[in-house]
4 protein chains.
Amino acid sequence: MTKGSRAAAKQARPREILEAAFEEFSLRGYAATRLDDIAARVGVTKGTIYVYFENKETLFETMVVELSTPEHDTTPYLAELETSAASALEHLLRNVYAEALSDRYSREILRLLIAEKNTFQSLSRRFKDNFAGPVFGSLQQILQKGSETGEFAPQAASIDPFFILSPFLGYFVLDLVLPEDSPEADSFLGTHIEMVKRLVAPIAKP
Amino acid sequence: MTKGSRAAAKQARPREILEAAFEEFSLRGYAATRLDDIAARVGVTKGTIYVYFENKETLFETMVVELSTPEHDTTPYLAELETSAASALEHLLRNVYAEALSDRYSREILRLLIAEKNTFQSLSRRFKDNFAGPVFGSLQQILQKGSETGEFAPQAASIDPFFILSPFLGYFVLDLVLPEDSPEADSFLGTHIEMVKRLVAPIAKP
Amino acid sequence: MTKGSRAAAKQARPREILEAAFEEFSLRGYAATRLDDIAARVGVTKGTIYVYFENKETLFETMVVELSTPEHDTTPYLAELETSAASALEHLLRNVYAEALSDRYSREILRLLIAEKNTFQSLSRRFKDNFAGPVFGSLQQILQKGSETGEFAPQAASIDPFFILSPFLGYFVLDLVLPEDSPEADSFLGTHIEMVKRLVAPIAKP
Amino acid sequence: MTKGSRAAAKQARPREILEAAFEEFSLRGYAATRLDDIAARVGVTKGTIYVYFENKETLFETMVVELSTPEHDTTPYLAELETSAASALEHLLRNVYAEALSDRYSREILRLLIAEKNTFQSLSRRFKDNFAGPVFGSLQQILQKGSETGEFAPQAASIDPFFILSPFLGYFVLDLVLPEDSPEADSFLGTHIEMVKRLVAPIAKP
DNA sequence: CATGAATGAGATTTCATTCAT
DNA sequence: AATGAATGAAATCTCATTCAT
C-alpha cells in the first residue's frame, strides 16, 4: 500500500480494463458483452470503467485501437529489395504470417471488425489503413521493381497486391472460424510462397 | 390494408419473416437486432413472429439454414474430369465465384457466422459441411486425377484443396468488409485461375 | 358424421371444456392457467372456448358453479332425528366424509377458492351457502333437538355447529396439501365421531 | 424524499421488499402479482428488486422462508408435562391459537402454500417440518405420558396427534376464507379444549 | 479514485382476446 | 360452430448509465 504501488496500479488500470474488454468482446461480440463481466474480470466494479472510459462504445473503439498491431514496419523489405525482389517478397510473406500467428489480439479484433462492420465502419477503415495499407504499398513496390529488373515477368507489375495476400486472409479467416479444419500454418505458408514465386516468375518456354 | 386471401398471406408469412430477419440480423448482428424491427419490416407485430418461431435464437438459426445456399452441386465437375482436369478445375472456380457473387444471402450469412462463431458454433459446422465440404472433396479428386494422368505435376495431388480456394475466401472477406477496396471480381478471378494453373502445372524446364 | 352424433358432440362441448378447465385450473391456479392448455386438453382451439364462454373469468366461475357439489341434501338427517339425535349426528358426519372423499371436484375446488379468496370472493360465499349452509343448519337442529330430549347434555344446543365439523375441514385441508401425511380417513372419522359423541354426551358424574 | 444515510436504506431494503412482496402475493397470489406493484409499494423501481433477488420465484420463496414463524418452541410443554399432562395439553393449544392469531404473516403464508401447492411443493414440506412437526411431536409425547400416568385414558396414546389439532386447522381455514363467518376465537378455543379433555379423559362410568 | 445502489429504458416473451374465414 | 392468425398489452428480466458517498 505504498504510494508508489498504488500509483502503479492506477497507471495500469486502463490497460487492464482494455484487456478484459478484449476478452469479453471477442467472446461474445459487442452487443452481447456486459460491462459487468468486463469489470468482474478486472476485479473492479462497473462504475470504475466509467472513470476511465466515457461509455461502452468508446471502450470498444479504444480497445480496438490500442490493442491492434501498430503500423506494420515495412522498411526491411524495401532495404532487401535492393538485393532481390524475390527474397523481399518471401520475407514479407513470412513476416505477415509470423505476426498474425503470434498476435492473439489482431486475430480476434479482425473478427470483431468483420462482425461489427455496420456498427463500427470507421474502425475497419482505420485497420486497413494501418495494417493492410503499408503492406500493400510495399508489395506494389516489390512487384514493380522485380518486373523492371527482369527478376519477375513483366506482367508481375500489374498483379493486384491484394491477390498476393489473399490466401493469407483466407487462411486467417478459416483458422478463426474453424480452427480444427485449418491446415498447418507452416505447410500452408510453404505452398503460398511457392505459388507466389510461380505467379511472378518469368515464363520459361522450352 | 387490403385483406386478400388469409390463407395466402399465411403461407407466405414464415418466408417473409425470415427475409426480414435476414436484413436486420445482417445489418446489426444477432444481439443488437430487435424483434420489433423485424416485425415492423414485415408489417406485423412482435407477437406474430412467435406464432411461427419459438424464439429469437430459433429464428436466427432457421434463417441461416433456410436462406443459405443449399448443398453445392459438384456433379458437373466430376463429369468434366473425364475429359480434362484443368478444365474441371477452372469450371469449379468460376462457379464458386459466380455463386458467391450472385447470392446476396450467402455473403452476409457467412459474415454472420464469422461474427457469431462463439454463439452459434453448430451453424459454422453445418455451413462447412454443406457448402465447403463437397467443393473441397471435388477439388481433391480433380487434383488427384490430374496428377495421375500427367496433366498436372505429381505434387499437385498433395496440395491442400483449401489452399486452392483460399484466395477466393480472402476476396470474399475483403469484399464483405471493405467493398470499395476490393478489386474487380472478374480480374481477380482471372488472376486466381492463372495462379492455380501455374501451381499445378508440370514443371517445364528446357 | 351423422347429424345426431354431431349434435351430441355439440351438446357435450361446454361440459367437456369445463372439465378440462377444472383440470388445468386446479393444477396451476387461475392466473397461471392458459386457455391454450384447456383447449388442447379438449382437442379444440382457443377460439372454441370463446364460442361457449365469455372470457377466462366467466369460464372459471362457471366451472366452479357447475362442477362443485350441488346443494347437500339434508332431509334424511331430519327424518332420522325423530328417532335418535345421536344417530342423525353420526349419519351426517359419515355422509359428509363420504361425499368429500368421493367427489374429486369439490376437493380441488375448495383449494381453488382458498387460493383465489381475494379474486373470487363471491364464489366462496356461494360455496358456503350451498354446501356448508344446509349442513350447518341441520347440525344446529340436531344439537337443539338432542339437548331438548335429554339425549345430549343441555349445553349441546349452544355448541357452534362449525366446531362439530372443524376436524373434517382440518383433515380435508391436510389431505389437500400433504396427502402423504394425512391419516387414514376411516380411522380419522372414527375418532371424530367418538369425539363428537363425548362432547355432546350428558355429563355422567359418579 | 429525504435521503438519509444510503447505507441505512440499503440495510433495510431486502426486508422492505419482502414485506411488500408479502402484501402483494397474499392479495393476488403468486402468478397474478406483478413485480411492478411490489416495487411501487416499496417506492423503488422494478430494477431494484433484481439487485436483491434473482427472480420472482426466488423472491416468493425467500419471502415465505423469512416471514413465516421460525420453529415453534415446544420446550415449555415438555417441562410442564412433568407436573400435568392435561395442563401441558391445554397450554399447547392456547399457544398455538395465540401464535396463529397474532402473526399476520403465517396466516396468509399458509393460505399461499395451500394455493401454490403444485407450484411450490418444497415450501409446503418445509412449513410442515418447521411448524407442524415439532408441535405434533410434543403432542404425541403428552398423549403418551398422560396415558402412562393414568391421567388420560389408555387409548389416548393411540390418538393421532393431528386429530387433536384438526379443529384448529379447520378454524384457521374458515377464518382465512370467510372471516365474517368464523366464530369468535376465544369461545372456539374454549370448546376445543373442552373437547380434547373429554376425548382423552379416562372413562368414568358409575 | 472507486463503489455499488438505484434507475429506467428497452428487450424478449406470453397470452387473453378478436375476427375473418 | 369452429378455426387459428394476428394482435397488443403487459409481464419478467437485463443492463448501460448515473451519482451520492
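To find a chain, count down the sequence lines: A is the first, B the second, and so on, and within it residues start at 1.
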Is it the case that more than 12 heavy atoms not belonging to D:R126 sit under 6.0 Å from its CZ atom? no

Contacts of D:S68 meeting side chain to side chain donor-acceptor pair (under 3.5 Å) (sequence neighbours excluded), chain-then-number -> none

Heavy-atom count around C:E54 CD within 6.0 Å, excluding the residue itself: above 12? no

Closest nucleotide of DNA chain F for B:T48 versus for D:Y30: which of these residues is on the 5' side? B:T48

If you look only at distance, which donor and acceptor atoms sit under 3.5 Å apart when one is on a side chain in residues 40-50 of chain A and the other is two or more places apart or in another chain?
residue	atom	partner	partner atom	Å
A:R41	NE	A:E24	OE2	2.7
A:R41	NH2	A:E24	OE2	3.1
A:T48	OG1	A:T45	O	3.3

Between F:dA16 atom P and A:E57 atom CD, what is the distance in whole Å? 13 Å

Gap between atoms CZ and P, on B:F53 and F:dA5 respectively (whole Å): 13 Å

Between F:dT12 (C1') and D:Y52 (OH): distance, integer Å: 20 Å

Whenever both distances are under 3.5 Å in a Watson-Crick or G-U wobble pair, mark it; put DNA chain E into dot-bracket that way, with [ ] for crossing pairs and | when the partner is on another strand. .||||||||||||||||||||

Apply side-chain contact (heavy atoms from CB on, under 4.5 Å) to B:A115 and list each qualifying residue two or more places apart in sequence or on a separate chain. A:A115

In residues 34-47 of chain D, what residues come within less than 4.0 Å of DNA chain F, judged by heavy atoms? D:R34, D:L35, D:K46

Going through the checks in order, is the side-chain contact (heavy atoms from CB on, under 4.5 Å) test met by A:R107 and A:R111? CA-CA 7 Å; A:R107 302 165 57 78; A:R111 198 171 60 79; over 6 Å; no

Roughly how many Å is it from NZ in D:K56 to P in F:dA11, rounded to a whole number? 9 Å

Atom CD1 of C:I49 to atom P of E:dC19: distance rounded to whole Å? 18 Å

Residue mapping more 5' on DNA chain E - nearest nucleotide basis, A:V51 or C:Y50: A:V51

What is the distance, to the nearest angstrom, from the CD1 atom on A:I17 to the C1' atom on E:dC1? 11 Å

Within the 4.5 Å heavy-atom criterion, are D:M63 and D:I109 side-chain neighbours or not? yes

Cation-pi between D:K56 and D:F25: NZ/CZ under 6.0 Å from ring centre and within 45° of the ring axis? no

Atom-to-atom span, CG of B:N55 to P of E:dA11 - whole angstrom: 17 Å

Residue list, side chain to side chain donor-acceptor pair (under 3.5 Å) with C:N55, at least two apart or on another chain: C:T58

Please state how far atom CZ in B:R28 lies from atom P in E:dA11, giving the value in whole angstrom units. 10 Å

